[in-house]
Amino acid sequence: MKVSLVTNILQVNERIAGQNKRLFDEKGVLVINIMSAPGAGKTTLIEQTIRVLKNEYRIAVIEGDIQSTYDADKIAATGVPVIQINTGGACHLDGNMISQTFDKLDFDAMDLLIIENVGNLVCPAEFNMGEDFKVMLLSVPEGDDKPLKYPLMFHESSALLINKIDLLPYVDCSTEKIRNESLKINPDLAIFEISAKRGDGLNGWLDWLRLKLKEKQR
Amino acid sequence: MHELSIVQNIITIILSELPKYNFSKVQSISLRIGVMRQVVPEALFFAFECLSKGTPLEGAEIKIENIPITGRCRNCRHEFIFESWQENCASCGENQIDIISGKELEIAEFEGT
């Protein structure tokens with residue numbers, strides 16, 4: 001006998017993500033999910049973002065990695081609360097992993113929660129966690145062919161940070177091509193060209209984030 | 001390796017459906033998967049073979065319907081299938097296109113006894 005089902009395969013994760021989102025909304029906390037390939041500069045971007053915004057907003061961070069606490073240690077040095085999730089092999093974070101950290105987080109003392117996903121350009125885009133926005137980094141040494149190779153991530157993200165622009169003289173990468181092709185996949189994508197390490201272009205990103213924080217707290 | 005998570009979810013969903021129909025064995029499962037999901041069929045079949053062992057799903061045939069990426073033009077509302085991401089609207093040449101299909105990840109139906 002045939003049974004017609006028509007069910008979203010990731011329905012369990014979607015349900016948990018929905019529960020997380022209701023909590024974040026109730027507490028007025030803006031949650032962003034930062035995604036990229038390994039080594040694109042997520043942790044450096046988060047450190048730089050905290051350095052500027054911690055005088056204006058109360059920030060906490062969840063660090064997702066397969067193994068190790070390197071990234072959480074770096075974030076802890078900035079003085080904001082940080083929780084490390086070790087996925088032990090899983091290539092992405094999901095709604096359930098995030099909800100399991102809630103007893104260690106004080107949402108009443110928080111304006112912004114930054115989640116650093118596991119470095120990977122495919123799977124993280126599929127698993128919602130209840131975040132307000134997905135933000136992705138693409139560093140120029142990775143090459144300008146990435147939007148067309150990994151379209152889902154560009155499609156799901158609200159902002160794209162093209163990182164390591166200080167290396168542009170040394171690599172074959174056209175930021176113009178990245179812009180054109182990612183806007184083709186996602187016409188609403190906000191794009192910033194930055195060097196998280198040197199600080200170039202960070203103001204545009206920080207202003208975008210401030211605007212989203214204001215909108216959330218309204 | 002998102003195929004592993006996807007298969008885990010498929011098995012959980014189908015197992016929860018079986019008592020409703022008094023099924024003890026699943027013969028086939030039909031999936032609808034959008035091209036944007038970048039699911040690798042071989043990896044999915046392999047994960048299914050490993051994870052379904054010893055369950056009523058063991059040995060079931062997995063059928064995949066690939067759903068192409070369809071866009072809708074923001075200017076003239078023309079809908080068309082993307083052969084390549086470089087394409088503009090075939091009707092008016094506009095380059096702002098909204099994706100309306102190609103992200104599906106669904107169980108369409110299954111067959112059991």
Side-chain angles (χ1 to χ4, degrees), chain A residues 1-17 35 66 87-97 117-128 134 144-157 177-189, chain B residues 1-14 16-18 20-23 25-40 43-44 69 71-75 82 84-89 94-99 102-113:
Chain A
M1 190 174 104
K2 265 189 186 166
V3 177
S4 174
L5 210 54
V6 195
T7 298
N8 178 351
I9 292 172
L10 302 181
Q11 60 175 359
V12 173
N13 186 61
E14 290 298 321
R15 202 183 61 232
I16 298 170
M35 311 180 293
I66 291 177
T87 63
C91 52
H92 57 268
L93 295 175
D94 65 24
N96 189 44
M97 293 183 210
N117 219 313
V118 179
N120 178 338
L121 283 178
V122 182
C123 315
E126 292 192 320
F127 294 85
N128 291 322
K134 293 182 169 69
D144 51 22
D145 56 356
K146 293 301 170 289
L148 300 193
K149 283 191 173 174
Y150 302 95
L152 186 66
M153 182 150 294
F154 290 82
H155 186 261
E156 298 298 296
S157 297
K177 185 175 175 209
I178 296 174
R179 278 178 178 274
N180 290 341
E181 295 188 346
S182 44
L183 285 172
K184 202 61 190 292
I185 296 162
N186 179 358
D188 298 320
L189 193 64
Chain B
M1 270 309 287
H2 55 162
E3 287 79 7
L4 197 65
S5 304
I6 291 169
V7 166
Q8 265 166 347
N9 280 283
I10 293 171
I11 292 178
T12 308
I13 292 167
I14 302 278
S16 73
E17 292 289 322
L18 296 186
K20 290 185 205 167
Y21 307 96
N22 269 323
F23 288 164
K25 180 95 192 118
V26 176
Q27 269 121 12
S28 71
I29 303 167
S30 301
L31 309 175
R32 298 179 77 240
I33 300 183
V35 170
M36 274 180 94
R37 292 286 176 175
Q38 299 187 307
V39 169
V40 181
L44 189 106
I69 302 166
R72 184 193 290 129
C73 174
R74 283 198 177 174
N75 178 41
F82 273 118
S84 115
W85 285 104
Q86 270 98 347
E87 277 176 76
N88 290 334
C89 173
E94 166 73 34
N95 64 3
Q96 297 217 326
I97 314 288
D98 288 314
I99 311 279
K103 285 174 32 176
E104 293 76 5
L105 198 57
E106 295 170 357
I107 304 173
E109 58 178 29
F110 69 98
E111 210 176 352
T113 48

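This structure is a prediction, so every number in the text was calculated from the model and none was measured.
The candidate from A/D94, A/L183, A/N8, A/I185 with the greatest count of non-hydrogen atom pairs under 4.5 Å with chain B is A/I185. Between chain A and the options B/R32, B/Q86, B/E104, heavy-atom pairs under 4.5 Å are most frequent for B/Q86. Interface check for chain B: of the options A/L152, A/V6, A/T7, the most heavy-atom pairs under 4.5 Å are formed by A/T7.
Looking at B/R74, only its side chain comes within 4.5 Å of chain A, counting heavy atoms on both sides. Heavy atoms closer than 4.5 Å to chain B are found in the side chain of A/V122, but not in its backbone. In this structure, chain B has heavy atoms under 4.5 Å from both the backbone and the side chain of A/Y150. Contact of B/K20 with chain A is not made at all, since no heavy-atom distance falls under 4.5 Å. Using a 4.5 Å cut-off between heavy atoms, A/E181 touches chain B through its side chain atoms alone. Heavy atoms of B/I69 lying under 4.5 Å from chain A are absent altogether. With a threshold of 4.5 angstrom between heavy atoms, B/Y21 approaches chain A through side-chain atoms but not through N, CA, C or O.
In this structure, A/Q11 CD and B/I107 CD1 are separated by 7.5 Å, a value rounded to the nearest 0.5 Å. Here the straight-line distance linking atom CG of A/L10 with atom CD1 of B/I10 works out to 9.0 Å at 0.5 Å rounding. Here B/E106 contributes atom CD and A/I9 contributes atom CD1; the two are 8.0 Å apart, rounded to the nearest 0.5 Å.
Under the rule for a ring-ring contact (aromatic ring centres under 6.0 Å, His included), A/F154 has no partner lying at least two apart in sequence or in another chain. Listed by chain and number, the residues in a salt bridge (charged side-chain N to carboxylate O under 4.0 Å, His left out) with B/E109 are A/K2 (sequence neighbours excluded).
Taking 4.5 Å as the limit, some side-chain heavy atom of A/H92 sits within range of a side-chain heavy atom of B/S5. B/N9 has its side chain out of reach of A/N13: every pair of non-hydrogen atoms, C-beta onward, lies at least 4.5 Å apart. By the 4.5 Å heavy-atom criterion applied to side chains, B/I6 and A/E126 are counted as neighbours.
Counting only distance, with no hydrogens or angles, the side chain of B/Q38 and the backbone of A/P151 share no donor-acceptor pair below 3.5 Å. Using modelled atom types, no side-chain atom of A/K184 and backbone atom of B/N95 make a donor-acceptor pair closer than 3.5 Å.
In plain terms, the two heavy atoms of B/I97 and A/P187 that are nearest each other are O-CG, 3.4 Å.
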